[in-house]
Structure formats: structure tokens, C-alpha cells
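Note sheet for the following structure.
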Amino acid sequence: MSVRIVDVCEVTKPISSPIRNAYIDFTKMTTSLVAVVTDVVRDGRRVVGYGFNSNGRYGQGGLIRERFAPRLKEADPKSLLDADGGNLDPDKVWATLMSNEKPGGHGERSVAVGTIDMAVWDAVAKIAGKPLFRLLAERHGLAADPRVFVYAAGGYYYPGKDLSALRGEMRGYLDRGYNVVKMKIGGAPISEDAVRIEAVLKEIGSQAQLAVDANGRFDLETAIAYAKMLRNYPLFWYEEAGDPLDFALQAALAEFYPGPMATGENLFSHQDARNLIRYGGMRPDRDWLQFDCALSYGLCEYQRTLAMLKTHGWSASRCIPHGGHQMSLNIAAGLGLGGNESYPDLFQPYGGFPDGVRVENGHITMPDLPGIGFEGKSDLYQEMKALAA
Ligand SMILES: O=C([O-])CC(=O)C(=O)O
Ligand SMILES: [Mg+2]
């Protein structure tokens with residue numbers, strides 16, 4: 001049996017809402033939805049792999065349609081296959097996507113490639129007839145753990161949102177089974193943010209822990225001022241204080257903030273991730289890494305990032321990716337990450353879990369669906385099917 005990619009389709013979809021973090025609002029946010037259509041038939045249906053990019057970087061239709069999809073469609077189909085020709089080889093597909101691309105400058109193209117890569121892995125696992133997390137665990141000689149820690153991200157600035165609305169939002173997450181919640185900081189004066197944090201801490205009490213996210217807004221002086229305020233609270237983490245590429249700022253901050261810090265969602269290659277590990281002063285015993293494969297060249301690249309972390313003494317369990325998608329849930333369950341982000345009320349239908357999956361004590365259990373599991377989430381699959389089925 002041979003496998004052939006017969007089409008790569010893309011459509012750009014809105015994931016807009018009036019929310020705001022310290023850096024951007026999401027009133028015009030979009031995502032690319034991609035389908036990699038194969039000529040393989042499973043259970044009477046053509047195998048189609050699906051992917052989309054995480055929130056925050058907009059759709060990548062131009063790059064996908066003009067540069068990356070044509071490379072796959074023009075490639076010799078045999079050059080994309082694994083050793084026995086029975087499935088696609090994601091690394092060979094990745095190398096084809098990245099042919100004639102210079103090193104460095106990892107910007108939008110890492111999002112475009114990450115989106116296609118998600119669809120390729122979905123197709124590969126479906127052709128293998130397995131959930132992606134089981135396929136990944138097998139390939140790495142690991143035991144899959146379908147139980148994955150998830151936390152509820154939200155707490156955005158929103159027109160007219162007062163403290164009681166913020167508290168109500170957080171209460172809603174606790175009611176849905178989460179025990180870690182996240183809110184935005186840095187989009188208001190520090191005194192106001194301190195009041196917001198106190199209000200949330202009062203609401204969640206001992207039922208949950210709070211993480212805060214500055215979205216890269218602060219200069220060193222402000223990051224330190226916040227560190228001095230935040231260190232008075234037992235926070236789950238202090239996220240992305242300064243510019244994602246300002247490793248010196250991140251390293252300096254550790255002197256002022258003994259608690260856990262998190263960053264990495266805006267680093268888009270294993271080389272950028274390596275620079276954070278080399279120069280960012282991140283502490284493998286307490287800090288968290290948030291690289292998101294759907295923004296950073298996909299799972300092929302994420303596996304290189306995990307290998308790099310290992311050589312630097314970091315455990316995969318320190319990774320809790322940004323993005324709230326099922327792709328990272330599979331990586332977490334298959335490769336032993338520390339968990340995954342989730343946005344219970346945002347970016348639908350792309351984020352979240354298959355229908356019927358519930359959060360219990362801050363964890364979900366992955367159902368055994370072939371591929372990434374998108375077919376188990378009916379509102380999402382509806383959009384995917386409309387693109388290609
Ligand atoms: O607001 C955003 O851009 C999303 C974000 O940082 C997160 O989920 O950590
Ligand atoms: Mg963040």
C-alpha cells in the first residue's frame with residue numbers, strides 16, 4: 001500500500017472576541033484551518049488530517065497557499081513516505097515543507113508549518129489506526145498516560161469587566177473541575193492589578209491556585225516591581241514578564257522572584273528555546289516552559305526541543321504548552337509533559353476537549369480516538385468537514 005497526499009486545503013477563520021491582554025486585543029484574531037487530504041481509506045472513509053494554529057498569531061493563509069502547500073503537492077509522493085511505504089513520514093514531510101528556507105528569523109512561517117504539521121500527524125495516526133498519544137509513546141518507548149493536568153486560562157481585560165465579573169469567571173472554572181486558574185496582568189496600573197489578584201485569590205481560596213500572565217509587556221524595572229508585589233502571594237506561576245527574546249531580563253528577574261515563573265509561548269524554534277535555556281536563567285526545579293508546537297513548526301520541531309531540554313537537564317514534565325488545543329494534549333499524554341493550557345470559554349470551537357470529556361481535580365482523561373481526536377468534538381469537526389472530508 002502506498003500513501004499519497006492529494007490535496008492541502010486552507011481556510012482562515014475568525015476566533016475574535018473583545019478581550020484584551022497587556023499587549024493585544026483579540027477583536028480581529030483569526031486562525032488557519034488546514035486539511036491534508038490523503039488517498040488512504042479507513043473504515044470506509046478517506047483519511048483527512050486536520051490542523052489549526054493557536055490563538056495570538058492570526059491565520060497563515062498567504063504563506064500556506066503560496067509557499068508550503070505547493071511544496072507538498074509538487075513533491076514526489078514516495079519522498080514523503082516512511083521506510084515500508086505504509087504511512088507518511090512526518091519528518092520527511094517537514095523537510096519538504098522547509099526546503100529552500102534559510103535558518104533563523106522564525107516568525108510567521110513557523111506558524112504556517114506548525115499548522116500543516118498538526119494535520120500531517122493527525123493523518124499519520126489515523127492511518128496507523130491509533131490515538132496520536134499512543135503512537136507517540138510507542139515511538140519514544142514510553143508509557144502513555146491518558147490522564148493530563150489542565151488549567152483554566154482566562155481573566156482577560158474586557159470592556160466593563162469589574163471585580164465581581166472576574167471573580168464569577170474564576171468561580172465558573174472551579175465549578176467545572178479546574179484547580180489552577182490564570183488571569184492577565186500588566187494591562188492596568190500595578191495597584192489595580194494587585195486589587196484584581198487579591199479579589200481572585202479571595203474567590204478561589206484553598207480550592208485552587210492562581211497563575212498570572214503579563215504577556216511580555218514589562219521592561220526590567222516594571223517586571224521587578226511586579227515581582228516584589230507578586231512574591232507576597234502563593235502563585236502557581238508568574239508568566240512572560242518581559243519581551244520573549246529578552247533573556248537577560250528573564251534571568252535578572254529570578255533574583256527578585258523565588259516562586260515559579262513560566263515563559264516560552266512566543267519562542268518559535270528549538271534554537272530560540274535553546275537560547276532561553278542557555279541564557280534565560282530558568283530553573284529546572286520550579287519553572288515552566290510553554291513552547292506551543294502549533295506556533296513553532298509543529299511536533300517534528302517540538303521533539304527536537306524536547307531532546308534539547310533533555311541534554312540541558314530539563315524534564316519534559318516542566319513543559320505545559322500554550323494554546324489549549326488537542327494536539328498538545330496528545331503530546332502531554334504521549335511524551336510525559338506536565339500538562340496543557342485550556343481556555344474554557346474562549347477561541348471556540350478550536351480549543352478544548354472531545355465531547356463528554358470532563359475536568360476532574362484539574363485533570364482530563366484522553367479518550368481513545370484515532371488521530372488527534374478532532375472527530376470527537378462535534379462543533380470543531382463540523383468546520384473541519386466543511387473544509388474537506
Ligand atoms: O493572551 C494570549 O495571548 C494568550 C496567552 O498568553 C496565554 O494563553 O498564555
Ligand atoms: Mg501567555
Side-chain angles (χ1 to χ4, degrees), residues 14-31 52-59 107-108 111 114 149-159 161 166 169-170 173 178 180-188 193 196-197 200 209-218 223 226 230 235-246 249-250 253 260-268 272-273 276 280 282 287-296 318-329 332 337-348 350-352:
I15 46 167
S16 55
S17 62
I19 56 172
R20 174 173 72 80
N21 66 31
Y23 230 101
I24 62 166
D25 70 49
F26 288 74
T27 51
K28 298 213 160 48
M29 189 52 64
T30 57
T31 185
F52 52 86
N53 60 272
S54 290
N55 69 82
R57 290 283 160 172
Y58 303 96
E108 306 286 291
V111 183
F149 165 71
V150 289
Y151 73 92
Y156 281 82
Y157 301 95
Y158 181 95
K161 187 172 179 180
L166 178 62
E169 178 192 345
M170 297 297 157
Y173 300 147
Y178 291 94
V180 175
V181 297
K182 185 164 94 179
M183 64 184 276
K184 297 298 174 183
I185 59 167
D193 273 341
R196 291 171 68 247
I197 289 167
V200 170
Q209 277 189 282
L210 173 65
V212 297
D213 184 0
N215 284 95
R217 177 81 268 178
F218 302 148
Y226 267 83
L230 296 172
L235 297 181
F236 193 71
W237 71 47
Y238 173 17
E239 175 176 334
E240 224 185 12
D243 186 275
L245 293 171
D246 191 342
L249 180 154
Q250 185 64 45
L253 205 51
M261 291 193 279
T263 193
E265 70 179 63
N266 289 304
L267 299 179
F268 288 172
D272 282 347
L276 174 69
M282 297 291 280
D287 291 331
W288 300 97
L289 303 170
Q290 300 173 296
F291 318 121
D292 176 354
C293 69
L295 300 176
S296 55
R318 301 311 302 175
C319 297
I320 301 183
H322 164 273
H325 46 78
Q326 291 183 66
M327 180 70 172
S328 286
L329 281 179
L337 308 187
N340 195 31
E341 182 166 20
S342 121
Y343 308 92
D345 296 326
L346 295 168
F347 311 125
Q348 291 305 323
Y350 297 93

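Note that ligands are numbered from 1 as they come in the structure, with each ligand's atoms numbered from 1 the same way.
Defined by atom type and a distance below 3.5 Å, a donor-acceptor pair is present between the side-chain atoms of D292 and H325. Of the N and O atoms on the side chains of Y178 and S342, at least one donor lies less than 3.5 Å from an acceptor on the other residue.
Scanning all heavy atoms of the two residues, the minimum distance from N21 to Y23 falls at OD1-N, 2.6 Å. T30 approaches N53 most closely through the heavy-atom pair O-ND2, 4.4 Å. Smallest separation of non-hydrogen atoms from A153 and E341: CB-OE2, 3.0 Å. The shortest heavy-atom contact between D287 and R318 is O-NE, 3.0 Å.
Taking the six-membered ring for Trp and thresholds of 30 and 60 degrees, Y343 and F347 have ring planes more than 60 degrees apart, a perpendicular arrangement.
For F236 and Y151, the ring centers sit 6.0 Å or farther from each other.
Side chain of Y158 to backbone of S17: no donor-acceptor contact under 3.5 angstrom is found.
Sorted by chain and number, the residues within 4.0 Å of ligand 1 by heavy atom are N21, F26, N55, Y156, K182, K184, D213, N215, E239, E265, H322, E341, Y343.
Protein N/O/S atoms closer than 2.8 Å to the Mg ion (ligand 2): D213 OD2, E239 OE2, E265 OE1.
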